[in-house]
Peer 1: 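Below are the structure tokens for one structure; questions will follow.
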Amino acid sequence: MLVNMLSPCQMQVQIMPDLQKPLVPPKRKKIWVDYLVQFRWIVVIFVVLPASFLMYFSLYLGDVKSAMKSEKRRQKQHDEDVKKVVNRLKQRDPKKDGLVCTARKPYIAVGMRNVDYKRARHFEVDLSAFRNILEIDKERMIAKVEPLVNMGQITRYTVPMNLALAVVAELDDLTVGGLINGYGVEGSSHIYGLFSDTVVAMEVVLANGQVVRCTKDNEYSDLFYGIPWSQGTLGLLVSAEIKLIPIKEYMRVTYTPFRGKLKEIAQAYADSFAPRDGDPAKVPDFVEGMIYNPTESVLMTGRYASTEEAKKKGNAINNIGWWFKTWFYQHAQTALKRGEFVEYIPTREYYHRHTRSLYWEGKLILPFADQWWFRFLLGWIMPPKVSFLKATQGDAIRNYYHDHHVIQDLLVPLYKVGDTFEYVHREMEVYPIWFCPHRLFKLPVRTMVYPEPGFDHHHRQGDTSYAQMFTDIGLYYAPGPVLRGEEFDGAQAVRNLEQWLIQNHGFQPQYSVSELTEKNFWRMFDGSHYEHCRQKYGAVGTFMGVYYKCKKGKKTEKEVQDAESEILEPAYAEEA
């Protein structure tokens with residue numbers, strides 16, 4: 001009755017004070033897993049780090065032993081190992097045995113998604129022997145390697161020759177097979193594209209045991225274009241020939257601070273490597289950027305430099321590979337106070353600049369690991385091996401990270417980078433943000449990832465007639481709401497992000513945790529050529545389909561077999 005007696009103005013006076021009160025996000029109540037995560041550093045220091053060091057040392061000794069063998073002997077051993085794989089596949093009875101998978105333990109993969117797909121597969125093929133560098137052909141500028149060769153191993157072998165892969169993914173543990181079957185990017189990708197774009201040939205064992213060598217212009221060219229992003233679901237990769245480039249001993253790195261709005265940061269980043277006048281002399285060899293908060297970033301460009309240039313009087317040399325050195329992302333951040341500066345970093349150390357700190361994930365795993373005293377005393381056994389971290393976390397902690405953590409890479413067209421930065425800030429508030437450009441080439445067939453239709457007619461900054469410039473935006477940290485103790489629905493945030501990527505012709509690398517339904521998976525990726533290869537090369541019924549391999553959660557044998565039986569009506573053909 002009182003309300004009816006008030007005039008509209010009086011009602012406004014009565015109500016407005018409540019409307020003007022700021023909305024305070026609800027605080028999240030702590031649960032027992034929070035304390036496990038908070039004190040996880042104890043297990044990491046006393047279990048994971050020592051085990052990681054022993055594993056790294058054991059692998060290093062194996063690499064040294066392999067390098068001491070002649071190329072002829074390594075090739076002979078490779079041929080014998082391939083025969084074992086062929087014989088193993090021929091032992092499989094399709095009516096009785098399950099789908100084919102590698103014998104590698106599920107936690108070994110570097111990616112953060114659940115790898116429960118192995119629960120639905122029972123016929124294992126052991127590929128653990130395939131970790132040898134078979135040949136370095138200086139005339140053809142090709143490195144022939146097996147799929148378990150990792151980035152640390154290959155740079156240790158080639159850099160002393162002043163050679164390197166055209167694209168060297170930053171983390172030591174990333175393997176050639178994972179980078180080809182999945183995706184890989186580096187600061188040189190604005191020139192050479194993704195890791196798979198630098199592959200010249202692949203040796204693949206098909207479902208029937210046939211061994212084929214596929215290139216872009218031989219009879220297996222469709223398989224050559226189908227394997228990238230297929231996650232090993234078309235055949236077993238047993239070797240690859242990859243493009244080499246000549247390099248110099250040092251990287252001349254320029255650190256440029258930039259302050260401004262997120263879209264202004266995006267434009268300054270584009271200008272740093274894609275000159276508007278198109279002058280190729282202004283294009284650096286390496287590009288990357290990091291945003292530390294919504295208004296502060298550091299853009300970095302690198303050019304190869306000789307020892308003579310690096311050691312000229314007045315030039316600063318920074319051996320960032322020493323275990324006690326400041327973590328690279330924190331070192332780069334000093335440009336915000338120092339202003340722009342230039343230094344020379346030994347090339348191999350530059351390639352692996354983010355390894356010791358796992359970008360900045362190391363700060364969450366070991367909150368004090370970036371302190372000088374820890375770096376000096378224990379920095380030499382960093383980083384913890386990702387596979388061991390996964391092996392010791394259990395389902396509860398793994399699911400906790402899925403809900404309260406973000407590990408995603410977003411591949412978006414260069415002209416949409418500013419919009420993406422703003423979206424991420426609004427929906428997730430994850431900092432720091434890492435980003436680097438990469439070309440997405442126009443290929444003879446439409447592969448799972450492809451440029452925007454008609455991109456070559458728009459003449460946007462960074463694009464050419466044969467490739468559209470994209471950017472990989474890396475989100476590897478806890479969102480702002482989680483750090484403030486607020487409620488945060490990680491699964492819903494990822495679902496929203498995936499929808500945003502689909503609407504903006506973006507892609508989500510499959511190593512990350514995905515919430516995509518099968519229908520939306522094939523809205524993001526193009527499945528036509530992939531399904532053509534699945535049918536032609538007998539992968540259906542032998543290897544799990546790529547969606548089910550990437551799907552979050554556990555998969556049963558029946559679930560996968562039922563999905564395989566519906567292959568005649570694949571999800572990509574459904575109407576959106």
Peer 1: Is it true that a side-chain atom of Trp434 and a backbone atom of Gly289 form a donor plus acceptor pair closer than 3.5 Å?
Peer 2: no
Peer 1: Any donor-acceptor pair under 3.5 Å linking the side-chain atoms of Tyr344 with those of Glu309?
Peer 2: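 The answer is yes; a qualifying pair exists.
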Peer 1: For a 4.5 angstrom cut-off between non-hydrogen side-chain atoms, does Lys76 reach Lys69?
Peer 2: no
Peer 1: What is the minimum heavy-atom distance between Gln231 and Cys550, and which atoms define it?
Peer 2: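 For Gln231 and Cys550, the tightest heavy-atom pair comes out as CG-SG, 3.9 Å.
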Peer 1: Inspect the surroundings of NZ in Lys363 and state if more than 12 heavy atoms from other residues, nucleotides or ligands are less than 6.0 Å away.
Peer 2: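 Yes.
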Peer 1: Is the count of non-hydrogen atoms from other residues, nucleotides or ligands lying under 6.0 Å from Trp373 atom CH2 greater than 12?
Peer 2: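 Enclosed.
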Peer 1: Is the shortest distance from a Lys or Arg side-chain nitrogen in Asp197 or Arg439 to a carboxylate oxygen in the other one below 4.0 Å?
Peer 2: no
Peer 1: Is the His190 to Phe286 ring centre distance short of 6.0 Å?
Peer 2: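 Centroid separation for His190 and Phe286: 6.0 Å or greater.
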Peer 1: Where do Asp279 and Pro275 come nearest, in terms of heavy atoms and distance?
Peer 2: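 Shortest heavy-atom contact: O-CG, 3.4 Å.
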Peer 1: Calculate, to the nearest 0.5 Å, the distance between atoms OH and CD1 belonging to Tyr359 and Ile433 respectively.
Peer 2: 14.0 Å
Peer 1: Rounded to the nearest 0.5 Å, what separates atom CG in Asn318 from atom OH in Tyr250?
Peer 2: 10.5 Å
Peer 1: So, do Asp370 and Trp360 sit near enough that their side-chain heavy atoms are less than 4.5 Å apart?
Peer 2: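 Asp370 does not reach Trp360 side chain to side chain.
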Peer 1: Can you see whether Glu135 engages His78 through a side-chain donor-acceptor pair at a distance of less than 3.5 angstrom?
Peer 2: no
Peer 1: Contact between Leu244 and Lys138 at the side-chain level, heavy atoms closer than 4.5 Å - yes or no?
Peer 2: no
Peer 1: Taking 4.0 angstrom as the limit, do Arg259 and Glu296 come out as a salt bridge?
Peer 2: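 Here Arg259 pairs with Glu296 in a salt bridge, since their nearest N and O are under 4.0 Å apart.
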Peer 1: Could you check whether atom CZ of Arg73 has more than 12 heavy atoms from other residues, nucleotides or ligands sitting under 6.0 Å from it?
Peer 2: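 No, not enclosed.
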Peer 1: With the threshold set at 4.0 Å, does a side-chain nitrogen-carboxylate oxygen contact exist between Arg353 and Glu186?
Peer 2: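 Between Glu186 and Arg353 there is a salt bridge, with a charged N closer than 4.0 Å to a carboxylate O.
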Peer 1: I'd like to know if the side chain of Thr347 reaches the main chain of Glu249, judged simply by a donor and an acceptor atom lying under 3.5 Å from each other, with no hydrogens or angles considered.
Peer 2: yes
Peer 1: Do Arg348 and Tyr351 meet the cation-pi criteria used here (NZ or CZ under 6.0 Å from the six-membered ring centre, within 45° of the axis)?
Peer 2: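 So Arg348 doesn't make the cation-pi contact.
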Peer 1: Flag the pair Arg131 and Asp63 as a salt bridge only when some basic side-chain nitrogen lies within less than 4.0 angstrom of an acidic carboxylate oxygen.
Peer 2: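 Between Asp63 and Arg131 there is a salt bridge, with a charged N closer than 4.0 Å to a carboxylate O.
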Peer 1: Indicate whether any N or O donor in one side chain lies under 3.5 Å from an N or O acceptor in the other, for Ser297 and Tyr269.
Peer 2: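 Side-chain D/A pair, Ser297 to Tyr269: absent.
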Peer 1: Kindly indicate whether the side chain of Ile291, heavy atoms from C-beta on, has any atom under 4.5 Å from the side chain of Phe435.
Peer 2: yes
Peer 1: Nearest 0.5 angstrom please: Glu146 CD to Thr175 OG1, how far?
Peer 2: 12.0 Å
Peer 1: Is the shortest distance from a Lys or Arg side-chain nitrogen in Asp137 or Lys144 to a carboxylate oxygen in the other one below 4.0 Å?
Peer 2: no
Peer 1: Before giving the answer on side chain to side chain donor-acceptor pair (under 3.5 Å), spell out for Asn132 and Gln77 the whole-Å C-alpha distance, their side-chain angles and the decisive distance to 0.1 Å.
Peer 2: CA-CA 10 Å; Asn132 299 295; Gln77 182 63 53; over 6 Å; no
Peer 1: Side-chain contact test, heavy atoms from C-beta onward, threshold under 4.5 Å: evaluate it for Asp472 versus Tyr183 and give yes or no.
Peer 2: yes
